[in-house]
Amino acid sequence: MLPFSSACENCVAVIGLADFVGRNITESLLPFGIFVAEISSVTDFYKEFKNINPDAVIISADKEFPVSGFKSFMLQNSDEYIPVIALIESGLLTDIDFISQCGFDVCVPVPLDTDSFCRWVLGALNIKNRMNEIKQYECNELANNNIRKVREVYRDVILAVTQDKLRLILEPDELPARQEHLKVSEMSITEVEDLVVSKQMLEDCLIKSGWGKSRVFDVVVSVSEAISNVLKHAGRGTMIIYNLQDYYQVWVCDNGKGIEFSDIPKSALQKGHSSKNSLGMGFYIMMELADKLYLYTHTGGTVIVMDIFPEKQPTQPVICEAGFTSM
């Protein structure tokens, strides 16, 4: 196994340049945190590949160089992008067939002085870093797209199963528009005593609107469950009440860690289900007593919006795009 200094951040394998490397190349690259692995032949490189794990490869290429075999080996054995720079005699740079066959990242004419060699090495590492950034970005985009698709399936299935009663919100702009001119009251939720105050505030609003006692009780229980979740899981939040003439809309928001999306179906549909970072059994109660719920949750918090009518609304069947009616 070739030696590797723990102080070095990068390793560059230089193949077939024993004389050139010997002219202080290693010492020149050390200040940049680069270790140079001097390898006499491609065959030796194959043997040492897993040991040295290079960040870039620089080779001395000529017409005898096994281009196809080398490229195949790099593709099959590397888990990440490794730039390959070929040092080629000036005469070969005009050989279009040879250059196209190589397919290296960069073909550099030799001879090179030490400073030029160092610049090409640093350039190779910049290529690697940039390509890895692009690869990481693409991986993140793919992961985000997959998460989005899974959440869309959750949303559509729950919408159908709850017969248009529970809407999972994927983006904040999908939430209902806030009718600020119709706001009745707003209060912060920071301690247990606020639960009592919020219940009384909501109850007063509904009674003044002439709602029946039974319906007022259902609504207060439903909203108090949402507020209890805020105190339990986030510690603080806000309740806002809107009077939209035909019905009331109550917003309960917090800045907690959000809810595990995979836990929402059980919380919404399975009576008695509860987990440490879920909506708990209270959400099932909200589902039973409210007329429509909107749920938006992410790592920065959770928003629950409840539409509540004076008389409990009958559940309407959802007609899917394919024309089937949900159960």
Side-chain angles (χ1 to χ4, degrees), residues 155 162 164-261 264 267-268 277-313:
R155 177 197 62 194
T162 62
D164 201 24
K165 193 170 186 178
L166 172 59
R167 291 179 177 267
L168 299 184
I169 304 300
L170 304 184
E171 300 294 339
D173 57 6
E174 298 173 5
L175 284 163
R178 296 200 187 202
Q179 306 291 330
E180 294 300 322
H181 63 291
L182 299 176
K183 182 190 294 183
V184 175
S185 60
E186 177 177 351
M187 69 171 290
S188 296
I189 309 297
T190 59
E191 52 190 45
V192 176
E193 288 74 12
D194 293 330
L195 179 59
V196 177
V197 177
S198 62
K199 289 168 66 176
Q200 188 62 54
M201 178 186 295
L202 180 59
E203 184 176 338
D204 291 343
C205 291
L206 300 180
I207 290 176
K208 287 180 181 179
S209 297
W211 287 32
K213 290 184 178 180
S214 176
R215 186 57 177 152
V216 170
F217 176 81
D218 287 349
V219 173
V220 170
V221 170
S222 179
V223 175
S224 66
E225 289 294 341
I227 295 173
S228 296
N229 278 330
V230 170
L231 293 170
K232 180 179 179 181
H233 299 295
R236 61 187 302 113
T238 306
M239 181 188 74
I240 309 173
I241 304 173
Y242 297 94
N243 185 350
L244 305 183
Q245 298 180 352
D246 293 333
Y247 63 98
Y248 273 84
Q249 188 175 83
V250 182
W251 291 60
V252 179
C253 316
D254 68 56
N255 296 318
K257 297 180 180 179
I259 303 162
E260 288 292 338
F261 215 83
I264 292 175
S267 295
N277 192 30
S278 75
L279 289 163
M281 183 176 177
F283 192 71
Y284 186 86
I285 296 174
M286 286 182 257
M287 283 286 300
E288 286 292 305
L289 301 180
D291 295 301
K292 180 170 289 189
L293 287 90
Y294 302 85
L295 172 63
Y296 174 57
T297 186
H298 59 108
T299 54
T302 298
V303 177
I304 294 177
V305 181
M306 287 176 270
D307 288 347
I308 308 168
F309 289 79
E311 300 292 335
K312 187 169 174 58
Q313 301 296 295

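What you are looking at is a predicted structure, and each value in this text was computed from that prediction instead of being measured.
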Colleague: Nearest heavy-atom pair of C253 and R178: which atoms, and what distance?
Modeller: SG-NH2, 3.9 Å

Colleague: Restricting to non-hydrogen atoms, name the atom on M306 and the atom on A226 that form the minimum distance, rounded to 0.1 Å.
Modeller: CE-CB, 3.9 Å

Colleague: With rounding to the nearest 0.5 Å, note down the distance linking CG in D218 to CD1 in I285.
Modeller: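 Going from the CG atom of D218 to the CD1 atom of I285 covers 11.0 Å.
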
Colleague: When rounded to the nearest 0.5 angstrom, what distance separates CD1 in I241 from CD in E186?
Modeller: 10.0 Å

Colleague: Between D194 and T190, which heavy-atom pair has the shortest distance, and what is it?
Modeller: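 Closest approach of D194 to T190: OD2-N, 2.8 Å.
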
Colleague: Sort and list the pairs that fulfil ring pair (Phe, Tyr, Trp, His ring centres under 6.0 Å) and have at least one residue in residues 195-231, not counting sequence neighbours.
Modeller: W211-Y248

Colleague: Kindly compute the distance separating CG (D254) from CD1 (I189), expressed to the nearest 0.5 Å.
Modeller: 11.0 Å

Colleague: If you compare all heavy atoms of I308 against all heavy atoms of Y247, which two are closest, and at what distance to 0.1 Å?
Modeller: O-CB, 3.2 Å

Colleague: Quick one: does any side-chain atom of K292 pair with a main-chain N or O of R167 as donor and acceptor, under 3.5 Å?
Modeller: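 Side chain of K292 to backbone of R167, a donor-acceptor pair under 3.5 Å: no, none is there.
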
Colleague: What pair of heavy atoms forms the shortest contact from I259 to T297, and how long is it?
Modeller: N-OG1, 2.8 Å

Colleague: Does the side-chain contact (heavy atoms from CB on, under 4.5 Å) test come out yes or no for M239 and I227, once each step is laid out?
Modeller: CA-CA 8 Å; M239 181 188 74; I227 295 173; 3.7 Å; yes

Colleague: Can you name the closest pair of heavy atoms from G258 and T302 and give their distance?
Modeller: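 Smallest heavy-atom distance, with atoms named: CA-OG1, 3.6 Å.
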
Colleague: Say you draw a straight line from CD of E174 to OH of Y296; how long is it, rounded to the nearest 0.5 Å?
Modeller: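 Answer for the CD-OH pair, E174 versus Y296, is 9.0 Å.
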
Colleague: I'd like to know whether W251 forms a side-chain contact (heavy atoms from CB on, under 4.5 Å) with V303, so could you lay out the CA-CA distance, the side-chain angles of the two residues, the decisive distance to 0.1 Å, and finally the verdict.
Modeller: CA-CA 7 Å; W251 291 60; V303 177; 3.7 Å; yes

Colleague: Within the side chain of K199, is there an N or O that forms a donor-acceptor pair under 3.5 Å with the backbone of S224?
Modeller: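 No, K199 side chain to S224 backbone: no donor-acceptor pair under 3.5 Å.
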
Colleague: Donor-acceptor pair, distance only, cut-off 3.5 Å: does the side chain of D291 make one with the backbone of F309?
Modeller: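 Here the side-chain-to-backbone pair exists.
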
Colleague: Quick check for you: to the nearest 0.5 Å, what is the distance between Y294 atom OH and I169 atom CD1?
Modeller: 7.5 Å

Colleague: Out of curiosity, T299 OG1 to N255 CG, how far, rounded to the nearest 0.5 Å?
Modeller: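 If I round to the nearest 0.5 Å, the distance is 11.0 Å.
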
Colleague: Between the side chains of Q200 and D204, is a donor N or O closer than 3.5 angstrom to an acceptor N or O?
Modeller: yes

Colleague: Take M286 and N229 through the side-chain contact (heavy atoms from CB on, under 4.5 Å) test and state the conclusion after the steps.
Modeller: CA-CA 11 Å; M286 286 182 257; N229 278 330; 3.7 Å; yes

Colleague: Decide side-chain contact (heavy atoms from CB on, under 4.5 Å) for L182 and N243; before the verdict, give the C-alpha distance in whole Å, the side-chain angles of both, and the deciding distance to 0.1 Å.
Modeller: CA-CA 6 Å; L182 299 176; N243 185 350; 5.5 Å; no

Colleague: I'd like to know if the side chain of S222 and the backbone of V219 have a donor-acceptor N/O pair within less than 3.5 Å.
Modeller: no

Colleague: Please tell me whether Y242 and E180 have a donor and an acceptor in their side chains that are separated by less than 3.5 angstrom.
Modeller: yes

Colleague: Does E288 offer a backbone N or O that forms a donor-acceptor pair with the side chain of K312 under 3.5 Å?
Modeller: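 Checked: pair present.
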
Colleague: More than 12 heavy atoms of other residues, nucleotides or ligands under 6.0 Å from CD of Q245: is that the case?
Modeller: no

